[in-house]
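Below you'll find the structure, written out as structure tokens, and then a few comments.
Both counts, for ligands and for their atoms, begin at 1 and track the order of listing.
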Amino acid sequence: MQLTNEEQEILDGKQGEAKQKAMQLLVALGDIYGARRLIPIKSVQIGGVSYKNIGDAGIDFIKVFAETGAKVSVPTTLNPAGCDIQQWKETGISENFYKKQKEIIDSFTSMGIESTCTCTPYLVGNRPKLGDHVSWAESSAVVFANSVLGARTNREGGPSTIASAIIGKTPEYGYHLDENRKATFLVKVDFDLNDIMDYGLLGAFIGKKIQSAVPAFKLKSKPSEDQLKALGAAMAAWGAVALFYVENSTPEFILSENVEEIIVAEENLEEMRKQITTTNNVQLLTTGCPHASLDELRNISEMLKDKKMEKPFWIYTARKTKETADEKGYVEIIEKSGAKILCDCCPIVSPIEEQFSSTATNSGKCAFYLPGHSKQKVLIQKLSEMIK
Ligand code: F3S
């Protein structure tokens with residue numbers, strides 16, 4: 001990879017150990033993927049934040065940077081952690097787990113990183129614009145940034161995002177290059193998708209079928225931003241989709257010369273629903289994967305008005321989104337029903353398996369990870385089926 005004089009100086013250690021380590025990591029990555037150079041980025045979303053996922057080895061890795069005084073050089077946000085930092089006791093998290101999680105977040109914040117832990121950074125201030133290059137981890141955030149916002153990022157991991165945050169650059173390959181951003185599948189859906197769950201099922205069906213390819217959709221009606229969020233997250237989980245287009249919805253719609261057509265029938269989604277569902281009797285109800293938007297919280301509060309939930313109902317969102325929802329009165333209505341709004345964490349990266357063995361979700365992505373990552377039997381259902 002071709003380095004500028006300043007980049008070479010950093011690599012030679014002339015700007016300190018932390019920057020040198022970060023540069024070594026980016027250069028190694030660039031060499032592996034055949035990048036020609038490093039390019040400046042507008043923001044970073046750091047992956048590998050939950051103690052459940054990274055363990056003690058992860059803490060040691062972050063400390064290598066944090067304890068040598070490393071600071072980030074671009075706006076940087078964090079992925080969900082393993083527990084709600086304020087309500088950890090109420091959700092059955094052990095003190096040891098909380099302390100380890102706090103240590104991780106403190107290490108990150110000492111580097112100048114915002115402490116908000118969310119997979120929807122684009123809803124709370126870290127929202128890149130069309131054409132911006134960024135370095136993001138977390139597959140649902142990545143696919144949203146590339147597709148719904150028209151930014152450019154690869155599916156990064158924990159170490160590469162830390163390195164990019166310190167240097168402010170990323171190797172130029174993959175989705176940073178226009179030639180890799182053309183759809184090779186054209187997906188036609190000519191029936192109504194009415195619910196967030198329907199978009200999750202469609203994402204699961206297409207992700208499973210096309211894996212890491214780029215799909216372009218022709219849908220019957222224009223989806224909302226929350227529906228696009230659900231569709232992308234499910235495709236990223238069931239396949240490894242990092243970019244998609246929806247005609248008349250996403251800011252770009254770029255097809256390659258030869259596209260393969262896929263026609264989706266309603267039965268395909270019904271089959272997907274059957275395949276995902278492994279129980280009809282759950283202990284825990286969840287929503288907010290990816291983290292719920294303000295609009296989703298408003299909708300949930302309307303559905304929960306004057307109701308009492310019989311089972312635990314945990315709603316995941318970003319702390320800043322919850323604060324705004326609180327100002328609008330949604331939080332009070334939701335909590336009055338017995339439901340909990342949890343921040344900083346999610347049902348996959350938190351140890352819910354220590355308390356529950358079966359969970360309902362309206363998310364295609366959550367349904368994919370619940371069995372393996374959180375040892376849950378799964379019921380995928382609409383919010384209107386959870387809240388009766
Ligand atoms: Fe977000 Fe966790 Fe789902 S990170 S997308 S809520 S699995």
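With contacts defined as side-chain heavy-atom distances shorter than 4.5 Å, the pair W314/F356 qualifies.
In summary, the side chains of N5 and E9 do not present any donor paired with an acceptor at a separation below 3.5 Å, with no hydrogens or angles considered.
Under the 4.5 Å side-chain contact rule for hydrophobic residues, W136 and L29 do not share a cluster.
Closer than 2.8 Å to atom 1 (Fe) of ligand 1 sit the protein N, O or S atoms C119 SG.
In the hydrophobic clustering, where aliphatic and aromatic side chains (Ile, Leu, Val, Met, Phe, Trp, Tyr) are joined below 4.5 Å either directly or transitively, I196 stands alone. In this structure, V349 shares a hydrophobic cluster with no other residue, the cluster being traced through Ile, Leu, Val, Met, Phe, Trp and Tyr side chains under 4.5 angstrom apart.
For A325, the side-chain contact (heavy atoms from CB on, under 4.5 Å) test picks out L294, L297, Y330, V331, with sequence neighbours left out.
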